[in-house]
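Read through the structure below, which is laid out as structure tokens, and then see the notes.
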Amino acid sequence: MNTNSYLTRNDDTWGVAPSIMLVFTISFIFGTKILFAESSIPSSGTLPIEVISGESPFGEKAQWQQLSCGHAGCEAAQWEIRNDKLTLMYAAHHDRLAYRWTEASGLTVWRDDSPEATSFRPDGKGGYYVVEQTTRQLARWDADGKRVTILADRFDGKRLNRPNDCVVHADGSIWFTDPNYLFKSRPKEQQELDGQFVFRFDPKDRSLRKVVTGLTLPNGIAFSPDGKWLFVTDSASNNLYRWPVKSDKSIGQREVFATFTGMGNDGIAFDPLGRLWCCTKGGIVILSPSAETLALIKTPNKPTSIAFAPAPSRMVCVTTRDACYITELSATKSSLPVSAGMAFTERNETSEQLFVRRIVPLLREKCLACHGDDVEAREGGLDLRSLQTVARGGDSEEPGVIPMHPDRSSVYLAVTRNDDAFSAMPPKESESLAEEEVRWLHDWIASGAEWPSEKDQAEIRAKHEAEWAQEDGVRVRTSGGLSNSWTNRNYDPEGLWAYQPLQEAAVPDTHENPIDGFLQAALPKGLQVAPPASRRELIRRATFDLTGLPPTPDEVKAFLIDQRKDKEAFRDVVERLLASPHYGERMAQHWLDVVRYADSSGFANDFERGNAWRYRDYVIRAFQDDKPYDQFVREQIAGDEISPDDPEHLVAVGFLRQGPWELTSMEVPKVARQRFLDDVTNSVGETFLAHSLQCAKCHDHKFDPVPTRDYYSIQAIFNTTQLAERQADFLPLENRDGFEEERFLEKMEQGYRESLAELEAVLQHNAIEWFDTELEKADLDREQTILDSKSKWMKAVSKAKKNRKSIAFQKIRSGLMQQGIAQSDLPPVRVGFTPRQNGMQRVATKGLQRLKWELDRYKPFALSVYSGPTPTYIKVLAPLRIPEDTTKATFEEMYIRTGGDPFAEGDRVKPGVLSVLEEQVPAVIPEAPEGRRKAFAEWITDPDNPLVSRVMVNRIWQWHFGKPIAGNPNNFGSTGGFPTHPKLLDYLATTFMKSGWSVKDMHRTIMLSEAYRRSSTHPDPDMFAEQDPEGHSFAVFEPRRLSAEEMRDSMLAITGELNCDVGGVPCRPEINEEVALQPRQVMGAFAAAWVPNPKSEQRHRRSLYILKLRGVKHPMLEVFNTPAPDFSCERRESSTVTPQALNLFNSKNSYDRSLALAQRAWDDSSGEIGNRDLRALRRVYELVLCRQPQQEELDRALESWRSVEGSLPAEPRPDSKVPLTASREAVEELSGERFMYDEVLYANQEFESDLQPNDVDRHVRALGDICLVFLNTNEFVYVY
Amino acid sequence: MPHMNRRESMFRIGTSLGSVAFASLLAGDARSTESTGPLAPKPVHIPAKAKNCIFLTMTGGPSHIDTFDPKPTLKKLHLQEFTRSGETKSAMESGKRYYVQSPFSFHQHGDSGAPMADNWQHLARVADDLCFFRGCQVDSVNHPTAMYQMNCGNRFGGDPAVGAWVTYGLGSENSNLPGYVVLPEVSDPQGGAPNWGNGYLPAFYQGTPLRPTGSPILNLSPPPGVTASRQRNNLDLLKAMNERHAALHPQHDELAARLESYELAFRMQTEIPNAIDMSEESQKTLDAYGVGQEETDAFGRKCLLARKLVEKGVRFVQLYNGGWDSHDYIERAHGNRVQSVDQPIAALIEDLKARNLLESTLVVWCGEFGRSPDNGVRGGVAYGRDHNPDAMTIWLAGGGSNAGHTIGATDETGMSAVEDVHHIRDFHVTLLRLLGLDDNKLTYYHAGRFKQLSQFGGKVIDKLIA
């Protein structure tokens, strides 16, 4: 056994005594380069080969030919013959790149999204076995670099560490090392295995065996050419081990084959002559089979992997930590004596370059906010602005950086988030440094922590700019950030996908429908798609998708018996559904989720928006009529500017009014105005451009090229947009059927007025009493004053009476005060009120205020806007109209609001657009108050604008598949999900525009694809789960739960109770009494109770029409995930929580629907021959589940029916009665005393209940329970 | 995040599945039915004493000047004119304004000598268990926005409430009860249910209000007359139908979760009424909390219920007491409010202590803002105070808080905090820290960024921690 020792020069830094350390620090402070000599290695082209010792194994004229450089890590050299060409593979793994090189075609990027693969070994079938660092697994890739199968990611249920290198044994098994690198720098990932091992994976039986234990950092791996020895380098112990491989695949005793001084030994490989080449920190060491050192070769940087081309080629490839080189072996055999060698030195340039390229931006983005210019904000006393201050350290007095010693540099230790002595930095976990950033800092410090002067930095930057820009991402032109560094930063091109012009890719001709072609092209190799769905499934799916309702039994039957081919028959179904009046309602629901529709304004008063329903109906009409989408967009942003005389257009801009908003006397008007501007800016961004603009409100966007300047330029578009409920005549199309209900509001109004009149009388009475009491206790002086005051009071009262002014008390009082009578000489405002009277006055006053908004519902006004100067409002307690007097209004300039503070004015900005797109889509926005929005809307819908069409087709796709193509429909930026099928997305967007922006055409295209018509059951679920773990392939149709609205509407449709009218004023169904009568505080008083519509058909409207108050949520819709109107909802949640079961199984609504269903099924089953019970049950199956039952299902249901019936009491429970008044009890804020009042629920006086247990016989009542169960089944609740 | 929901519901299977949970429930030991899944107990970020939190929310904005932060200077200034200025004025601040002295007298209590208005007769007993914080400031002068900020960190509503964050961070200890329970007043506060909403967090973390009247949880029971055996019969048919269906859709794992949620719902029907049943409490306890006395009955019940829920493993209980918005008649109004909460709160603290629960239960008392030293003439003749976002008093008890200390101070009129001044976000960060959570780690990705309770990060107020 031989042991070789190589002393490398760098190793001594680990043992430097503290005193010497100090010297280094000082020298570092003065910037003296005493550690390294200047290096002269150029960054590309060829380099001479330097053989430190031994005979050169290379050809005479051989030189290093550099293929690429500047990588953050480079490994995985592998040669092969592919397509008859000698091909080299290697990886810049931390850059997520995998390369291929051939002499003929040079270097090509094979994969640009590699999961940090660090070893590719041909699998003999055209693909590769690959180890992946990111995903921590051994996988098989196909020839195109697509992952086909995960072979091993766990051992004994625990995740592998981080497989590093693999080799294939002659018997076909794959052996790989599994060290625990990077766990320190990737704190979110955890080591699960209790050690570091070498594993053997056998593809024949898919077994994974642990073959080597007891290593500290297993790294490079190779088999001897005869396959009898396994070699593994252990990077931490510095040993190169070997083991005999036994015939039973196990291994024998371990031997140390060689020892290298210095850690970090890496890849190993046998050359064609059987010599073992080892990557060590000192260079490449070539060992003979008996472990003699044959040569030591210097490499331009630390070597990481070596590979030899298959004979007859003599090519050899060496990767180093930052580059890849190839050269040629000599043609002659040789064997040379051993000699000791020495290591190369790290290039000094590396440290300077690293600093300029990586560390400067890193400090700026992640550190300087708390460790920079602002002394006040400086945390822990640490100043990271200069070399001196960093070295000095902070309050802890630990040096921030000790050159060459990252592990003793507190700044480095803090960012690893893994050191007990220093708290994790930056403090927010979500801002943790990326693994590569940690590594840059490490390498920068390890390589000497050079900190060039500003001037030198500029020179270095200029010199490398082009090269770096290419590698680090692209520069994007915008209107410019708040800082130059933001303006000049680079972007990963991947994150900019949404700004690229639409690509008209060649349409695959593999399928009739291009959608299927695109999906097929991206389908994981070998993954089968699911077979077509059954017709029953398909019609149910399509009907819910397009109408939000279930198909009727007749519709199902017609489709099932249609003799034509599936697709032909289905085409007619789609056409019928697109024409259904419920289609517009269903699409409107989707749209209203995005725009956050509500019928009230939120906050303290939650005033109703009486006219909001007209915008809701506008949206329904737009979809129903297939209004071209670009027109739809323009009308919502600028309808009033496009055609101010068209009521439809005035209603459409209601879009801009959807956010919560109010202005009470408690609020600062400018803050409230700014809130509207912020809301509308972000809403327009999310809805039409899939840009969450609010990120740029306070600072330039952290990730996307959206500067704060853009945010306020876009906001400037709306700076002349003013809120108003505008006169807009009702259109003949608008449903005004519900208007007769206005009378209930009039009754309320009358009630309030009567109360106030009554209270007025009380006040008048109490006023006189007050005067009398005052007189009794007054002295002489005061007596005269009070008498005087009283006489004036009486005079004013009689004058008021003469003028028939009913509410006179407050007027008289303030009138007298204006005449100079002291307040103390007049009765107080609520003189002598009991708390109850006090409360009544508040409720009545507030109630009248609230009614102004509610009564607006029946008036020809639109929740709208106009363009003009900003009026001065102190508070808004009634619907707004366009002010006649605009003299109080001001034209506001728009300024950047520094830090998002409405009072901090930064630069002035003009109205503008997303500047990143300005070159592609030029915009001319007028500065006049009028026309800004019109121009902006035209810019948004310009066919060259790559966002708007992509955004919409992405939404439509999601409405069908439950899952978008680009992961976040409201966010196409780099933090949103990138498209899984970019070509498909662009194809759809282009098609959409070509069709005249027809949404209905888009449905046709999508729904007639095979993908849409697929079954939701995959024939080989395991294979599917393995090959498409993220579910991106659309190889099956994913089932979904009905949305809350679909569930409620379907229940009504099934029972036959649904009112199918379209549009109109909001309805109020029955809800849990606890919620309906729940008192709700609105500024100073209480809101009125929720009183259901008196008639069943008024209540049983589609859920879309339910009055949507921000302060009262419909209990059923709420538990089934209807989103609150606070944020735009890009996608519905459908979590399964227990309150859903309570609601659907216990609520009065469910019991009422079940009873109605039972009665319907019973009625429908009369008059035929045979068992009526069975016919009724069959009918329930048809209605609820759209199918016929099996006999055993019928038997089971029948058994349950009988059992319930047996247990039912003879008499049903008494019908529930609606309350006619609601008792209110509250704390009177002024006095702190409780007070009560009774609210009269006028509409309940005419309430007609739904079918109640008393209305049906016991048999049907029992069937009701069976129906309840049906409405709770998974089969009903899910769509397949 | 595709599949998120599916994953969540898969966890949910664990939550409710289970013969183990079911069996132990039958054995009557609810505490042992530990949650798994999204509500499973989770490890803390930092070791901490507090495991639960009882959050006493006094809506309307209690006056610090008239409760725990006496200002003798106001006696001298009483009825002298007061002026406010600045561009951030609201209409509330118009008209002539005067300084107003407090109608209450103050004495110091306990070893700490904490001053309290004399009408806090009962709370004075536990003065040394309280940590008063006078340095807190908020952004809003308006009730609903201030309520949202106190509860959710954001003035505009829609963000998750503190209780939702805590439940998200720590999970729940009892799978048969919600992790975050709210005990509202008869009337919902301004801003309504979003004050205890889950915001963008998954629905599991939403506050569940136990209603003071009617069914404590909506639809907890079927309509009257539907017996448990009839329900069981229906549930069995449902199970049979669902199982048959699930067999045809083996890949659809949400089916099992939904099936199981019915069983859990069925169990909750008995568990919840048990949890809130007061009949097992001794008369002595009821008396201590003021249950049965007109003034204290409502809040006394809530305080007692809070203790019971914490004992059962509910993580976060929020109690509301309304009506502190005393613009006029502050003597009567605040007097009355104090009377309604004084005895119940003192009893709660003493009871927790006696049961060795105070150590692990953080009690917080706060409003949405404090009140101003001045008032406008609003037509009344009795004095009151306006809203004040720049000063307020919050106190903490138990759970590792710095009992027996007063942290921070306001200026001599109580207009503004001047010592240990912290924005509410710092208070939120501190509250999380007391419960072992790190605000910077307790994040959730939404709308393009990682969001957190403090919105953009804050500092722990070390002085509030023992």
Side-chain angles (χ1 to χ4, degrees), chain A residues 427-430 603-604 665-668 692 695 828-829 874-875 903 963 971 973 975 1021 1030-1031 1039 1072 1074 1078-1081 1111 1113 1115 1126-1127 1133-1138 1141-1143 1146-1148 1151 1196 1200 1203-1204 1207 1213 1225-1227 1229-1233 1265 1268-1269 1272-1275, chain B residues 2-3 5 8-9 12 87-88 90-92 141-144 157-158 186-190 192 202-203 211 214 218-219 222-225 230 233-234 237-238 240-242 245 251-252 255 257-258 261-262 264-265 322-323 325 328-329 332-333 336-337 379-381 440-441 443 447-448 450 457:
Chain A
K428 287 192 205 180
E429 193 145 288
S430 57
F603 294 123
S665 56
M666 296 289 166
E667 197 168 21
V668 181
S692 181
C695 292
V829 276
I874 294 168
K875 50 188 175 181
F903 298 100
K963 178 166 47 186
N971 180 5
T975 57
E1030 300 290 320
N1072 301 58
E1074 294 98 323
Q1078 167 73 45
R1080 250 196 324 142
Q1081 284 186 39
K1113 302 203 162 95
D1126 304 311
F1127 294 120
E1133 260 196 73
S1134 64
S1135 53
T1136 299
V1137 293
T1138 318
L1142 290 173
N1143 183 292
N1146 284 348
S1147 68
K1148 178 171 187 299
Y1151 271 84
R1196 177 69 183 81
S1200 195
S1203 159
V1204 171
S1207 77
R1213 64 189 155 90
E1225 188 185 313
V1227 175
E1229 286 178 339
L1230 294 181
S1231 61
E1233 286 167 14
D1265 274 33
L1268 176 74
V1269 170
N1272 276 272
T1273 55
N1274 285 334
E1275 189 173 353
Chain B
H3 288 258
N5 293 328
E8 278 170 13
S9 59
R12 193 69 193 164
E87 57 188 345
T88 57
S90 73
M92 180 184 79
V141 289
N142 197 2
H143 295 294
V186 176
S187 58
D188 279 356
Q190 282 191 24
R211 290 169 184 275
L218 288 184
N219 304 309
R230 183 172 153 198
N233 183 78
N234 291 343
L237 175 61
L238 179 65
M241 291 180 74
N242 278 345
H245 173 76
Q251 301 152 67
H252 191 183
L255 297 176
R258 202 169 166 277
S261 74
Y262 277 80
L264 175 61
D325 192 20
D328 294 283
Y329 301 95
R332 248 200 293 163
N336 194 304
R337 289 295 82 209
V381 288
N440 283 326
K441 289 186 181 162
T443 57
F450 283 92

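All values reported here derive from a predicted model rather than from experimental measurement. Proteins get letters first, then strands, A, B, ... in listed order; numbering begins at 1 in each.
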Exercise for review: Taking all non-hydrogen atoms of both residues into account, name the closest pair between B:Asn233 and A:Ser1200 and its distance.
Suggested key: ND2-OG, 3.1 Å
Exercise for review: Might you work through the side-chain contact (heavy atoms from CB on, under 4.5 Å) test for A:Gln1078 and B:Arg211, ending with a clear yes or no?
Suggested key: CA-CA 10 Å; A:Gln1078 167 73 45; B:Arg211 290 169 184 275; 3.2 Å; yes
Review point. Tell me, side chain or backbone of A:Phe603 under 4.5 Å from chain B's heavy atoms, or both, or neither?
Key: both
**Study point:** Choice from B:Gly457, B:Pro222, B:Gly192 maximising heavy atom contacts with chain A below 4.5 Å
**Key:** B:Pro222
Review point. Side chains of B:Leu218 and A:Glu1074: closer than 4.5 Å at any heavy-atom pair?
Key: yes
**Study point:** Non-hydrogen atoms of B:Pro223 and A:Tyr1151 that approach each other most closely
**Key:** CD-CE1, 3.3 Å
Study note, to complete from the structure: Scored by heavy-atom pairs under 4.5 Å with chain B, the best of A:Glu1275, A:Arg1080, A:Lys1113 is A:Glu1275
Check your understanding: Hey, does the side chain of A:Asn1146 reach the backbone of B:Asn219 with a donor-acceptor pair shorter than 3.5 angstrom?
Key -> yes
**Study point:** Closest-packed option against chain B by number of heavy-atom pairs under 4.5 Å, given A:Ala1141, A:Gly1111, A:Ser1203
**Key:** A:Ala1141
Review point. In chain order, what residues pass the side-chain hydrogen bond (donor to acceptor under 3.5 Å, both in side chains) check against A:Lys428, with sequence neighbours excluded?
Key: B:Gln452
Check your understanding: Which region of A:Ser692, side chain (C-beta onward) or backbone (N, CA, C, O), has a non-hydrogen atom less than 4.5 Å from a non-hydrogen atom of chain B, or is it both or neither?
Key -> side chain
Practice item. Could you look at A:Pro427 and say if it's the side chain, the backbone, both or neither that has a heavy atom under 4.5 Å from chain B? Key: both
**Study point:** For B:Gly158 against A:Asp1126, the heavy-atom pair lying closest together
**Key:** CA-OD2, 3.7 Å
Exercise for review: Provide the closest heavy-atom pair for A:Val1137 versus B:Ala203 in the form atom of the first, atom of the second, distance.
Suggested key: CG1-CB, 4.4 Å
Review point. For A:Arg1213, is it the side chain, the backbone, both or neither that has a heavy atom under 4.5 Å from a heavy atom of chain B?
Key: side chain
Check your understanding: CG/A:Asp1265 to CG/B:Leu237 distance, rounded to the nearest 0.5 angstrom?
Key -> 10.0 Å
Revision key, fill the gap. Of A:Asn1274, A:Asn1272, A:Thr1136, A:Thr1273, the one forming a side-chain hydrogen bond (donor to acceptor under 3.5 Å, both in side chains) with B:Arg258 is A:Asn1274
